[in-house]
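Below is one structure, written out as structure tokens; comments come after it.
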Amino acid sequence: MYASCEEVFRPDIRGRPVVVLSNNDGCVIAQNKLAKATLEIYMAKPWFEIKEAAEKLGTVVFSSNYELYANMSNRFAAVMSKYSPRMEKYSIDEVFLEMTGIHVNFTEYGQTIKNDVKNSTGLPICVGFGYSKTLSKLANHCAKKQDHWNGVCDFTSMTEEEIDAILATLPVDKVWGVGSRLAGRLNKLGVHTVLRLKYADPKRIRDEFGVLLERTVRELNGEVWIEMEDELPEAKQVMSSRSFGVRASTMEDLSQAVAFHAGIAAERMRGKELYANGVYVFAQNSPHDQAEYYSGQLSVGLPAATNSTTKITKTALWLLKKIYRPGVYYQKCGVMLLETVSSSGLQSDMFGFTEGDQKSEALMDVMDRIKQKYPNNPVKSAAEGKVQEWKMQRNYLSPNYTGNWSELLQVK
């Protein structure tokens with residue numbers, strides 16, 4: 001999906017291998033089909049190992065542009081929501097639609113959805129239909145791999161024998177929730193294909209592997225055991241963390257980084273309309289350094305829940321002073337807000353921590369609205385500093401075409 005987002009705004013790179021790198025441009029985390037076919041890159045392969053070979057093949061490389069990908073994901077979901085009264089956004093590039101009561105030819109309906117998403121966002125998608133989430137995921141996988149389905153696979157229109165013939169060709173690790181380790185354990189029991197898992201004894205599966213895999217087996221048989229989720233469960237923690245572009249060795253640099261992450265975490269939390277009851281801070285060097293590995297971490301509870309960037313930053317910096325060790329070349333730090341609650345769960349304290357909260361709420365509201373209007377972060381805590389040499393390296397970053405007026409696509 002990341003590579004597809006980049007190709008939407010760069011038609012000149014279509015037909016060339018495209019890869020997207022992780023934080024600090026370290027590893028490959030996404031690639032288009034051509035890159036997979038020509039470079040044979042496994043997930044999280046270090047970029048420096050393949051950079052020379054990739055450049056010889058004309059590979060186009062991008063740093064992760066999370067702002068762009070999130071916006072494109074929201075646009076994709078908005079289009080999808082038109083085709084069912086009930087939708088679950090499962091991940092940044094995947095949604096489930098409830099099709100009960102929609103009496104149409106699903107193959108034609110899927111083509112309509114696919115074309116609408118392509119025309120509205122530029123993103124290519126595949127559509128799979130099934131009587132359960134697990135079957136619909138498998139159908140989607142088949143739609144990607146078999147050209148004759150033209151991006152849409154409808155298991156609900158097939159006979160049991162036709163579906164079984166397809167499942168017999170799929171390795172068991174293609175099932176949603178079956179990773180390589182679990183697949184290895186299943187293989188030892190003679191379960192190598194999805195079809196074999198489908199007809200496994202659910203009771204034995206439960207005894208050997210637990211209730212989750214038993215539900216998967218039942219879903220492969222068309223039973224609904226994994227329900228649609230209209231709303232995601234409320235988060236209990238909110239975190240901001242990144243590796244440094246340049247190692248931080250001084251208290252000043254580390255303080256700026258911790259203040260930066262405290263501000264980001266507080267902003268994310270306010271976006272979910274939550275308040276934090278505690279703050280956790282960590283700072284570490286790399287476990288691969290020749291120097292001794294050090295990971296300082298500490299948390300503290302707050303007198304009362306808050307969503308104030310000022311209070312959270314002050315607390316985070318106090319924690320940093322407790323864990324800071326001079327002489328360490330820090331590679332990463334982060335801030336986590338703990339035991340978050342909604343506004344209905346707030347409780348005042350008797351020691352003045354929540355005094356003036358109306359002013360604080362108003363200030364936070366103004367800050368958030370300014371940031372929404374001006375994406376270049378014109379308002380921030382002074383503790384974050386002006387020159388942030390430690391910030392994440394993104395040497396191949398594309399413009400934020402959909403989220404910044406100054407970076408709109410220009411057609412000449």
Side-chain angles (χ1 to χ4, degrees), residues 23-24 235-272 274-286 293-341 346 349 351-357 359-368 370-371 376-392:
N23 297 339
N24 290 312
K236 292 300 181 183
Q237 294 91 25
V238 177
M239 186 172 188
S240 176
S241 172
R242 286 284 186 274
S243 297
F244 299 142
V246 177
R247 296 293 184 99
S249 59
T250 66
M251 184 63 175
E252 180 182 1
D253 287 343
L254 209 54
S255 295
Q256 290 181 2
V258 166
F260 170 80
H261 289 303
I264 294 295
E267 184 181 350
R268 289 175 180 171
M269 184 178 64
R270 289 194 296 272
K272 301 176 185 291
L274 299 174
Y275 295 73
N277 277 297
V279 180
Y280 163 87
V281 172
F282 78 90
Q284 65 184 51
N285 63 348
S286 171
Y293 176 62
Y294 173 69
S295 177
Q297 48 192 305
L298 193 62
S299 62
V300 66
L302 299 173
T306 184
N307 68 357
S308 167
T309 294
T310 304
K311 294 176 180 177
I312 290 170
T313 301
K314 185 176 180 180
T315 304
L317 292 177
W318 180 83
L319 290 169
L320 176 64
K321 290 179 182 178
K322 299 289 184 181
I323 64 173
Y324 175 73
R325 179 186 291 180
V328 176
Y329 287 85
Y330 293 92
Q331 180 216 22
K332 186 177 183 179
C333 75
V335 174
M336 181 185 293
L337 307 182
L338 307 172
E339 296 299 322
T340 60
V341 295
L346 290 179
D349 75 297
F351 301 108
F353 187 78
T354 57
E355 284 183 3
D357 262 9
K359 291 184 178 180
S360 175
E361 292 274 356
L363 176 61
M364 295 302 106
D365 180 60
V366 171
M367 286 180 60
D368 292 341
I370 290 174
K371 287 186 177 183
N376 289 330
N377 195 18
V379 180
K380 59 184 179 181
S381 167
E384 296 181 29
K386 293 185 65 176
V387 181
Q388 300 173 332
E389 297 180 353
W390 46 267
K391 289 199 75 171
M392 180 173 62

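In this chain, numbering begins with 1 at the start of the sequence shown. This structure is a prediction, so every number in the text was calculated from the model and none was measured.
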Please name the pair of heavy atoms, one in [X] and one in [Y], separated by the smallest distance, quoted to 0.1 Å.
X      : Y      : result
Ala283 : Leu254 : CB-CD2, 4.1 Å
Ala276 : Leu302 : O-CD1, 3.5 Å
Thr309 : Ala266 : OG1-CB, 3.5 Å
Ser249 : Tyr324 : O-OH, 3.1 Å
Ile312 : Met269 : CD1-CE, 3.8 Å

Taking atom [atom1] of [X] and atom [atom2] of [Y], what is their separation to the nearest 0.5 Å?
X      : Y      : atom1 : atom2 : value
Thr306 : Lys314 : OG1   : NZ    : 12.0 Å
Leu298 : Lys321 : CG    : NZ    : 14.0 Å
Thr340 : Lys272 : OG1   : NZ    : 9.0 Å
Ser241 : His261 : OG    : NE2   : 5.5 Å
Met239 : Ile264 : CE    : CD1   : 13.5 Å
Leu320 : Thr315 : CG    : OG1   : 12.5 Å

Solution key, residues 329-336 side-chain donor-acceptor pairs under 3.5 Å, sequence neighbours excluded:
{"residue": "Tyr330", "atom": "OH", "partner": "Arg325", "partner atom": "N", "Å": "2.8"}
{"residue": "Tyr330", "atom": "OH", "partner": "Arg325", "partner atom": "O", "Å": "3.0"}

*asked:* Counting C-beta onward and ignoring hydrogens, is there a side-chain heavy-atom pair between Leu274 and Val341 closer than 4.5 Å?
replied: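 When only atoms from C-beta onward are counted, Val341 and Leu274 do not touch, as no gap falls below 4.5 Å.
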
*Under 4.5 Å between any side-chain heavy atoms of Arg247 and Asp253, yes or no?*
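Arg247 vs Asp253: side chains apart.
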
*Dump the intermediate steps for side-chain contact (heavy atoms from CB on, under 4.5 Å) on Val279 and Leu338, then the final yes or no.*
CA-CA 6 Å; Val279 180; Leu338 307 172; over 6 Å; no

_Gln297: partners by side chain to side chain contact (heavy atoms under 4.5 Å, CB included), with sequence neighbours left out_ =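 Side chain to side chain contact (heavy atoms under 4.5 Å, CB included) check on Gln297 returns Tyr280, Phe282, Ser295.
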
*asked:* List the residues meeting side chain to side chain contact (heavy atoms under 4.5 Å, CB included) with Asp368, not counting sequence neighbours, and say none if there are none.
replied: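 Glu267, Arg270.
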
*Got a sec, which residues hit side chain to side chain donor-acceptor pair (under 3.5 Å) with Thr313, two or more places apart in sequence or on another chain?*
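Residues passing side chain to side chain donor-acceptor pair (under 3.5 Å) with Thr313: none at all.
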
*Under the side chain to side chain donor-acceptor pair (under 3.5 Å) test, which residues partner Ser381, sequence neighbours left out?*
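Checked Ser381 against side chain to side chain donor-acceptor pair (under 3.5 Å); zero matches.
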
*asked:* Going by salt bridge (charged side-chain N to carboxylate O under 4.0 Å, His left out), name the residues that satisfy it together with Arg242, two or more places apart in sequence or in a different chain.
replied: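 Partners of Arg242 by the salt bridge (charged side-chain N to carboxylate O under 4.0 Å, His left out) criterion come out as none, since no residue qualifies.
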
